[in-house]
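Both backbone and side-chain heavy atoms feed into the values below; hydrogens, waters and symmetry mates do not.
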Amino acid sequence: MILRSTSSALLATLALLAALAVPSRARAVDEKDLLPVDQAFALQASASSPGRIELRWQIAPGYYLYKHRITVEGLADGVLSLPKGHPKHDEFFGDVETYRTALVATYAGTPAPGATTLALKVKYQGCADVGVCYPPQMRTLQVSLPAAAASAAPAPADDLLSRRAAPGGLLGGAPATPGTDAMPLPPEQAFRAEAIAMDGNTLLLRFTPAPGYYLYRDKTQLRIVGDGLSLGAPRWPKGTQHRDEHFGDVVVYFDQVEVPVPVQRTHPRAVDGTLTIAFQGCQEGGICYPVMTRTLPVSLPAGEMRVEAAPTAASLAEDQRLANSLAGKQRGWALLSFFVFGLALAFTPCVLPMVPILSGLIAGRGERIGAARAFSLSTIYVLASSIVFTIAGVFAGLLGAAANLQAAMQNVWVLGAFALLFVVLALPMFGLFELQLPAILRTTLGAASDRQRGGSWVGVAAMGALSALIVGPCVAPPLMGAVLYIAQTRDPVFGGAALFLLSLGMGAPLIAFGIAAGRGMPTSGPWMVAVQRVFGFVFLGLAIWMLSRVLSGPATLALCGLLVLGAATWAFGLGRVPRTKLAARFAAAVLGVIGAAQVLGALAGGHDPLQPLAGVMGEKQEALAFRRIKSVADLDRVLADARTAGKPVLLDFYADWCVSCKEMEKYTFTDPDVQAALADYVLVQADVTANDAQDQALMQRFGIIGPPMSLFFKEGAERRGLRLTGFEKSAPFIERVRQAAAP
């Protein structure tokens, strides 16, 4: 039935609205030129089944309806499903979706037993293109309900969420149990999310799962964008303890839930903002939806400048604090702080290997090239490294852990090729190209080596780009903070600027080392040959360091021992020069002892070049006994068992190519005090060296881009504020462990 109303009260309201609430260009519109509202938006309603109502609007040309202003009431569990509208930036409501020409919506729910009619209250609002908006409309429709059918009508065949015949369905859920609709609802219909301003300092979130669906409490994240606005901790009501086939023991909500959220503000005036809600839910006995994101406009009235207690380590992790700083008002200072963080990271084991690479490229030729030339080459090396580092970080933020290009480069073929390149760079420094090799090969290798070592800007830039991906794939809090900011805001420009400044900070000391290498070379004499030999050994050492990520510990230690013995042999040869005889023979003896110890330690199964005889002459320090897991399902089983046993869980992300992981393994996890603090923990380690699909899925679940990362769980839920990114010494790590286990 088409409802028509042309009452004088409506026309009077339209005249008032046109005079007071629209721009000056619209006030010249004569109300006689506007259609009556029920001609502009002709509404019909009919029931295809007792629990499914179809609403149709016929929209006149030059008019449109707002999606967010359409609501329907009539069924206690009713869910309104609206199609995607046309995006529009509206002068009244901001960024919205609208409908033109026609709109078909469905309203589904359970009517009262035996009901033959249903009273629907439909609210909607629309505008004319001439610049006039109608006031909100409310219509009450009496809809005749057909008799209950023996079986439900089939869902559309093109439903993207339809479950196929294969077990698990399209989204990986379990097969449907008796009584479960085999065709899952679209996400917008399965889970409704609303945000209402209760007052100037409180938002009320309302989640409405459809019947047969449930919402996870701990999978919900909130973020608000608005002048001077920030959110406090949500005040969730008591939920239902649920044994979930996907995530183990969790807290869920099967019915509508209202969640008050405190709002802190830096000013008392009214303000408009945008609330972003990320949440996840499942169908009972059916699919588990991927994370859904809803963006809702919110208008807060004037409020008080109340600020809750400052966040503690238990409420905000370091990467979250850094991400928030990029999204705050002092964004310039935040960028500067990322440059300072980069300076601090420049002296970590992740970046230090770049020092001999750059120094060897500049000084390995054995001649002075001058400070200016050294500065230009060093700057090109750092800029190339920074650009590649920034691009990799931006892609990781936009696409998730699957885009971790650095991790993808840590395979045996890439590392082997890079190690071979270092060997090629080292050979001319020992004069080996003077052997009777074929002339073409001699010329090619010599020219390539000279270009890389002597001053080719292209060669130095290529080495800088490779170094960013291969030499230092470390994950630190500033990197995670910038990536987290990009992932949350989808702002690659400002987030990329933070990553670029972070990388420049890491590269600034390299420029100083490069200038020193170019300027500090002797001008002539036998020292030039000695410098070449030293950098030859340095490049061979870097080749071994590259291969250590894919070789076993004893094999790496044996190669280190052979390299040191080779250096001892060369040093012994320098003893033929009278002026250096004593020093050279002494250096040869020391190097010989070290090399022999390393070879002996490798034969005994050792792996530490700095403590090669630890397992031979003394008691070997025991490491933590981690249980290795591979998949999300493995982790869920561990969390469920730990929850039943009442134990906290430490999940450590590890990879063979991760430098900081080796630091944690060597210095922190072997500390007896750390081991005592973790005595009551369930220790789990995810080895993501392969970076395959299962590794990426596990990292994506927690929004991380790679190791090292330590996550703490209590009662099945992560203590997000205590998440550790990167290496940490024993004392602060022990305090973190104790906080994670506290009630």
Rounded to the nearest 0.5 Å, what separates atom [atom1] in [X] from atom [atom2] in [Y]?
| X | Y | atom1 | atom2 | value |
| --- | --- | --- | --- | --- |
| Asp687 | Lys630 | CG | NZ | 7.0 Å |
| Leu557 | Leu551 | CG | CG | 12.0 Å |
| Cys661 | Met664 | SG | CE | 8.5 Å |
| Phe586 | Phe572 | CZ | CZ | 15.0 Å |
| Arg627 | Leu650 | CZ | CG | 14.0 Å |
| Met506 | Leu345 | CE | CG | 6.0 Å |

Looking only at atom types and distance, does a side-chain atom of [X] sit under 3.5 Å from a main-chain N or O of [Y], one as donor and one as acceptor?
| X | Y | result |
| --- | --- | --- |
| Ser385 | Tyr381 | no |
| Thr379 | Phe375 | yes |
| Arg719 | Phe712 | no |
| Thr668 | Glu728 | yes |
| Ser376 | Arg373 | yes |
| Arg736 | Leu722 | yes |

Practice item. Under the side-chain hydrogen bond (donor to acceptor under 3.5 Å, both in side chains) rule, collect the residues that match up with Asp634, sequence neighbours excluded. Key: Ser631, Arg637
Point to revise | Derivation and outcome, side-chain contact (heavy atoms from CB on, under 4.5 Å), residues Tyr667 and Glu665 | key: CA-CA 6 Å; Tyr667 300 111; Glu665 188 179 61; over 6 Å; no
**Study point:** Heavy atoms from other residues, nucleotides or ligands near CZ of Phe537 exceed 12 (cutoff 6.0 Å)
**Key:** yes
Practice item. Keeping to residues at least two apart or across chains, list the side chain to side chain donor-acceptor pair (under 3.5 Å) pairs with something in residues 593-602. Key: none
Review point. How would you list all residue pairs meeting side chain to side chain donor-acceptor pair (under 3.5 Å) that involve residues 337-346, not counting sequence neighbours?
Key: none
Practice item. Quick one: list whatever passes ring pair (Phe, Tyr, Trp, His ring centres under 6.0 Å) with Phe733, sequence neighbours left out. Key: Phe669
Exercise for review: Given side-chain contact (heavy atoms from CB on, under 4.5 Å), test Leu479 with Phe338 step by step and report yes or no.
Suggested key: CA-CA 9 Å; Leu479 172 60; Phe338 270 73; over 6 Å; no
Review point. Between Phe653 and Phe702, what is the ring plane arrangement, given parallel below 30°, perpendicular above 60°, and tilted in between?
Key: perpendicular
Check your understanding: Taking only residues two or more places apart in sequence or in another chain, which ones pass disulfide (SG to SG under 2.5 Å) with Cys560?
Key -> none
Check your understanding: Picking from Ile387, Val388, Val394, what satisfies side-chain contact (heavy atoms from CB on, under 4.5 Å) with Ile391?
Key -> Ile387
If you look only at distance, which donor and acceptor atoms sit under 3.5 Å apart when one is on a side chain in residues 677-684 and the other is two or more places apart or in another chain?
{"unit_1": "Tyr681", "atom_1": "OH", "unit_2": "Val737", "atom_2": "O", "d": "2.6"}
{"unit_1": "Tyr681", "atom_1": "OH", "unit_2": "Ala741", "atom_2": "N", "d": "3.3"}

